[in-house]
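The structure appears right after this line, and notes come after that.
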Protein chains: 2
Amino acid sequence: MKYDSDMQSLCPAAFSFQVIGGKWNLPLLAVLAGNETIRYNALKRELNGITATTLANTLKELIAHGVVRREAFAEVPLRVEYSLTESGRELVPLIEAIVGWGDRHLGK
Amino acid sequence: MKYDSDMQSLCPAAFSFQVIGGKWNLPLLAVLAGNETIRYNALKRELNGITATTLANTLKELIAHGVVRREAFAEVPLRVEYSLTESGRELVPLIEAIVGWGDRHLGK
DNA sequence: CGGTATCCTTTTAGATACTG
DNA sequence: CAGTATCTAAAAGGATACCG
């Protein structure tokens with residue numbers, strides 16, 4: 001089995017990786033997993049240290065990959081809610097498994 | 001639950017991420033998973049497109065994190081063999097689960 | 001409130017050349 | 001064979017300022 005730099009044979013892995021890779025993707029998914037829905041600024045507060053730029057970019061990526069849903073309500077003040085989609089929720093146990101592995105092997 | 005930029009509460013996640021993150025870590029682990037032991041240049045051939053620099057760096061990281069083992073044999077020509085450690089092997093099913101998720105949700 | 005635009009810094013990976 | 005050293009390029013993320 002060969003793995004090309006364009007990752008042809010690892011294409012599903014590359015896709016998964018676009019979803020869980022990146023500095024804030026995992027923390028962001030974790031916060032979303034802990035809330036039915038959550039607003040932009042609440043998300044920003046939970047993710048201590050993230051900038052508006054990065055949060056917006058990360059959300060867009062995740063929405064494009066179909067794991068996050070965005071709902072805007074035409075109220076004043078404007079309200080936007082984010083939540084995990086079905087496939088996003090399927091990812092949660094895997095993320096937990098990864099974190100669990102790290103927990104068991106950190107400094108062992 | 002809060003997630004700081006220094007990832008205090010996600011420290012195990014950060015550790016896991018140093019292991020599976022990076023462009024070549026996942027492909028490299030996949031090749032190692034498919035072989036009892038494998039030599040440096042064989043690894044380089046399997047990972048089509050990786051440079052010597054990057055392969056060496058990635059291997060060092062993984063060794064430092066305790067998931068890969070390096071054994072050198074004082075022969076002529078020099079022989080060096082790489083293999084997964086126990087904790088490295090424990091990672092394999094998780095990687096497969098991640099790839100499986102990608103497979104199920106790619107273009108869905 | 002929920003963003004975008006622009007620019008800048010940091011990180012990551014690749015190219016090339018060379019060594020024990 | 002199994003790497004290292006040096007430099008360059010590209011990608012990711014952050015700072016600042018501003019808008020509907």
Side-chain angles (χ1 to χ4, degrees), chain A residues 3-7 10 13-15 17-29 31-32 35 37-65 68-83, chain B residues 3-7 10 13-15 17-29 31-32 35 37-65 68-83:
Chain A
Y3 297 95
D4 263 273
S5 50
D6 58 13
M7 295 218 191
L10 261 176
F15 177 68
F17 224 69
Q18 283 166 25
V19 173
I20 62 167
K23 182 166 174 182
W24 291 100
N25 296 43
L26 220 46
L28 178 46
L29 289 169
V31 172
L32 287 168
N35 297 269
T37 74
I38 185 167
R39 300 176 65 167
Y40 179 87
N41 275 321
L43 215 37
K44 191 164 182 303
R45 272 188 301 275
E46 295 289 323
L47 297 165
N48 210 313
I50 199 171
T51 61
T53 315
T54 303
L55 177 53
N57 288 341
T58 308
L59 283 168
K60 274 182 195 163
E61 263 183 55
L62 293 177
I63 290 165
H65 289 124
V68 170
R69 174 173 33 237
R70 190 195 115 115
E71 291 174 284
F73 301 88
E75 301 172 359
V76 180
L78 186 54
R79 180 167 56 107
V80 178
E81 305 216 316
Y82 293 93
S83 55
Chain B
Y3 297 95
D4 263 275
S5 51
D6 57 12
M7 296 219 191
L10 261 178
F15 176 68
F17 224 69
Q18 282 166 26
V19 173
I20 62 166
K23 180 167 175 182
W24 291 101
N25 296 42
L26 220 46
L28 178 45
L29 289 170
V31 173
L32 287 168
N35 295 269
T37 74
I38 185 167
R39 301 177 65 167
Y40 180 87
N41 274 321
L43 214 38
K44 191 164 181 306
R45 272 188 301 275
E46 294 290 324
L47 297 163
N48 210 312
I50 199 171
T51 61
T53 315
T54 302
L55 178 53
N57 288 341
T58 308
L59 283 168
K60 274 183 195 162
E61 263 181 53
L62 293 177
I63 290 164
H65 289 125
V68 169
R69 176 174 31 238
R70 190 194 114 116
E71 292 175 284
F73 301 89
E75 302 172 356
V76 180
L78 184 56
R79 179 167 56 107
V80 178
E81 305 217 315
Y82 292 93
S83 56

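We name chains A, B, ... by the order of the sequence lines, and we start the count at 1 in each one. On a predicted model such as this, the values are computed, not experimentally measured, just so you know.
Under the rule for a side chain to side chain donor-acceptor pair (under 3.5 Å), the partners of Thr37(A) that lie at least two apart in sequence or sit in another chain are Glu81(A). Remark: Thr54(B) engages Thr51(B) in a side chain to side chain donor-acceptor pair (under 3.5 Å) (not counting sequence neighbours). Contacts of Ile63(A) classified as side-chain contact (heavy atoms from CB on, under 4.5 Å), with partners at least two apart in sequence or in another chain: Val68(A), Arg70(A), Tyr82(A).
Residue contacts shown for Phe73(A) are absent, as no nucleic acid heavy atom lies under 4.0 Å away.
Taking atom CG of residue Leu47(B) and atom P of nucleotide dA2(D), one finds them 14 Å apart after rounding to whole Å. One can place CD of Glu81(B) at 9 Å from P of dA2(D), the figure rounded to the nearest angstrom. Rounded to a whole Å, the CG atom of Leu26(A) is 17 Å from the C1' atom of dA12(D). Atoms CD1 (Ile50(B)) and P (dG14(C)) sit 7 Å apart, rounded to a whole Å. Put simply, NZ on Lys44(B) is 12 Å from C1' on dA15(C), counting in whole angstrom units. Nucleotide dG2(C) holds its P atom 14 Å from the CD atom of Glu46(A), rounded to whole Å. For Leu43(A) and dC1(C), the CG to C1' distance is 14 Å, given to the nearest whole Å. The CD atom of Glu71(A) sits 16 Å away from the C1' atom of dG2(C) (whole-angstrom rounding).
One finds the CG atom of Asn25(B) at 9.0 Å from the CD1 atom of Ile20(B) (value rounded to the nearest 0.5 Å). Rounded to the nearest 0.5 Å, atoms OG1 (Thr58(A)) and CH2 (Trp24(A)) are 9.0 Å apart. A distance of 7.5 Å separates OG in Ser83(B) from CG in Leu32(B), rounded to the nearest 0.5 Å. To the nearest 0.5 angstrom, Asn57(B) atom CG is 7.0 Å from Thr53(B) atom OG1. Here CG of Leu43(B) is found 8.0 Å from CG of Asn35(B). Values are rounded to the nearest 0.5 Å. Interatomic distance, Lys44(B) NZ to Leu28(B) CG, rounded to the nearest 0.5 Å: 13.0 Å.
Near-neighbour residues of DNA chain D inside residues 54-63 of chain B, defined by a heavy atom below 4.0 Å, number-ordered: Ala56(B), Lys60(B).
Side-chain N/O atoms of Arg39(A) include one lying less than 4.0 angstrom from OP1 or OP2 on dG2(C). At the phosphate of dT10(C), neither OP1 nor OP2 sits under 4.0 Å from any side-chain N or O atom of Lys23(A). At dT4(D), none of the side-chain N or O atoms of Tyr40(B) fall inside 4.0 Å of OP1 or OP2 (strictly under the cut-off). Phosphate contact (OP1/OP2 of dA12(D), side-chain N/O of Trp24(A), threshold under 4.0 Å): absent. Phosphate proximity of dG3(C) to Tyr82(A): present, with a side-chain N or O under 4.0 Å from OP1 or OP2.
Minimum atom distance to the side chain of Arg70(A) is reached by dG3(C), of the listed dC1(D), dG3(C), dG3(D). Comparing atom distances between the Val80(A) side chain and each of dG3(D), dC1(C), dG2(C) picks out dG2(C) as nearest.
Listed here is the closest heavy atom pair of Gln18(B) and Glu61(B): O-OE1, 3.5 Å. In this structure, Ile38(A) and Glu46(A) approach most closely via the heavy-atom pair CD1-CG, 4.3 Å.
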Per-nucleotide protein contact string for nucleotides 15-20 of chain D (B base, S sugar-phosphate only, - none; heavy atom under 4.0 Å): BB----

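If one axis is set at each end of the helix from dC1(C)-dG20(D) to dG20(C)-dC1(D) from five pairs, those axes are 50° apart, to 10°.
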